[in-house]
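One structure is given here, and the rest of the page talks about it.
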Amino acid sequence: AGQWSAVDQLWQEAKRNNKCDPTVYGAMMSVRTTAGDWHRIHALHREMKSCKVPLDGGHIVLMIKAYAAAGWWSEVDSLWKEVDGVQREQDDRMYGVMVLVHARARHWKKIEQLRNEARLAGVSLSLHAYVSLLHGYQKAGNLHMIETLHAEMRTAGLSPNNHMFATLIKAYGGAQR
């Protein structure tokens, strides 16, 4: 409990000194995400909007993860709409995190929509995003999508690391024919 009073005290002091500093907001979002404090993250997001703090990729990724973990899908979608296409294209982490959270929730139609949008924008998904997709499709028993994703990764020139090999082995081994 003492750590949070120190965090809150530092937060208030930082706000007095640097009214709307994106770095300080990012730090608060990070610690509140780690703590699973979804309501405070939502309040920080509202404050950032009213303060006109520019959202960078890091802020967006943290908020998407937080809102998804809380099951606030309307907030995830609302935040995604706030981010313009140019910003999405310049920061492939955004597509990666959207795919990640939707794979965990098994929102297959949304994942396909995001993958198509990324493809049209010329954005390649990261290795991490592919791992999340493989996990999700393995749990769903969808061998066809596992094979499709594996081929896509090879075509994209992504070199599997040991984690990816382990994921592929589990995905192929656990999927239904």
Side-chain angles (χ1 to χ4, degrees), residues 22-49 53-140 142 145-146 148-150 152-153 155-168 170-171:
T23 306
V24 175
Y25 274 96
M28 276 302 280
M29 285 206 163
S30 181
V31 298
R32 292 301 182 185
T33 299
T34 301
D37 195 347
W38 318 130
H39 291 283
R40 291 263 178 114
I41 292 166
H42 191 59
L44 285 168
H45 183 199
R46 284 193 316 269
E47 263 186 55
M48 290 173 80
K49 281 174 137 178
V53 173
L55 292 177
D56 67 16
H59 295 134
I60 294 163
V61 165
L62 285 171
M63 283 188 282
I64 288 171
K65 284 181 178 178
Y67 290 154
W72 298 351
W73 294 105
S74 62
E75 292 297 329
V76 170
D77 291 339
S78 175
L79 184 59
W80 187 246
K81 288 175 186 165
E82 280 182 44
V83 181
D84 68 20
V86 173
Q87 193 174 3
R88 288 181 199 166
E89 291 169 28
Q90 291 174 346
D91 193 339
D92 67 341
R93 291 178 302 171
M94 288 185 222
Y95 280 104
V97 75
M98 284 294 283
V99 166
L100 170 78
V101 298
H102 285 290
R104 287 181 180 160
R106 297 184 178 188
H107 296 160
W108 308 122
K109 288 181 182 178
K110 183 66 175 183
I111 290 168
E112 287 311 307
Q113 178 187 3
L114 288 163
R115 288 179 63 226
N116 287 333
E117 185 181 324
R119 210 174 359 256
L120 289 171
V123 175
S124 299
L125 295 179
S126 67
L127 198 61
H128 186 68
Y130 276 107
V131 168
S132 299
L133 285 170
L134 288 166
H135 277 297
Y137 284 117
Q138 184 261 322
K139 286 180 181 178
N142 190 332
M145 280 306 297
I146 291 166
T148 300
L149 291 170
H150 189 194
E152 268 183 33
M153 289 170 24
T155 302
L158 292 174
S159 300
N161 57 20
N162 288 340
H163 185 68
M164 175 56 75
F165 282 122
T167 301
L168 284 166
K170 289 177 187 175

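Predicted, not measured: the structure shown is a model, and the values here were computed from it.
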Nearest non-hydrogen partners of W73 and V101, listed with the distance: CH2-O, 3.5 Å
Closest non-hydrogen atom pair between A66 and T33, with its separation: CB-OG1, 4.3 Å
Listed by chain and number, what are the ring-ring contact (aromatic ring centres under 6.0 Å, His included) partners of W72, not counting sequence neighbours? H39, H42, Y67
Please evaluate residues W108 and M145 with respect to the criterion side-chain contact (heavy atoms from CB on, under 4.5 Å), reporting the C-alpha separation (whole Å), side-chain torsions for both, the decisive distance (0.1 Å), and the verdict. CA-CA 11 Å; W108 308 122; M145 280 306 297; over 6 Å; no
With heavy-atom distances below 4.5 Å as the criterion, would you say the side chains of R115 and L149 are in contact? yes
Restricting to side-chain hydrogen bond (donor to acceptor under 3.5 Å, both in side chains), what partner residues turn up for R119, sequence neighbours left out? N116
Looking only at heavy atoms, what is the nearest atom pair of V131 and M164, with distance? CG2-CE, 3.2 Å
Within the distance-only criterion (no hydrogens, no angle test), does the side chain of H59 pair as donor or acceptor with the backbone N or O of M29 below 3.5 angstrom? no
Could you pull out the closest heavy-atom pair between V76 and A68, with the gap in Å? CG2-N, 3.6 Å
Could you check whether any side-chain heavy atom of E82 comes within less than 4.5 Å of a side-chain heavy atom of I60, counting everything from C-beta outward? no
Can you give me the closest heavy-atom contact between Y95 and L125, atom names plus distance? CB-CD2, 3.9 Å
Could you tell me whether a side-chain N or O of T34 sits under 3.5 Å from a main-chain N or O of S30, the two making a donor and an acceptor? yes
Shortest non-hydrogen pair, V99 vs A129, comes out as CG1-O, 4.1 Å
Apply the test side-chain contact (heavy atoms from CB on, under 4.5 Å) to residues E152 and L133: give CA-CA distance (whole Å), side-chain angles for both, the deciding distance (0.1 Å), then the verdict. CA-CA 12 Å; E152 268 183 33; L133 285 170; over 6 Å; no
Hey, mind stepping through M63 and L44 against side-chain contact (heavy atoms from CB on, under 4.5 Å) and telling me if it holds? CA-CA 10 Å; M63 283 188 282; L44 285 168; over 6 Å; no
Audit row: E117, M98, side-chain contact (heavy atoms from CB on, under 4.5 Å) steps and yes/no: CA-CA 12 Å; E117 185 181 324; M98 284 294 283; over 6 Å; no
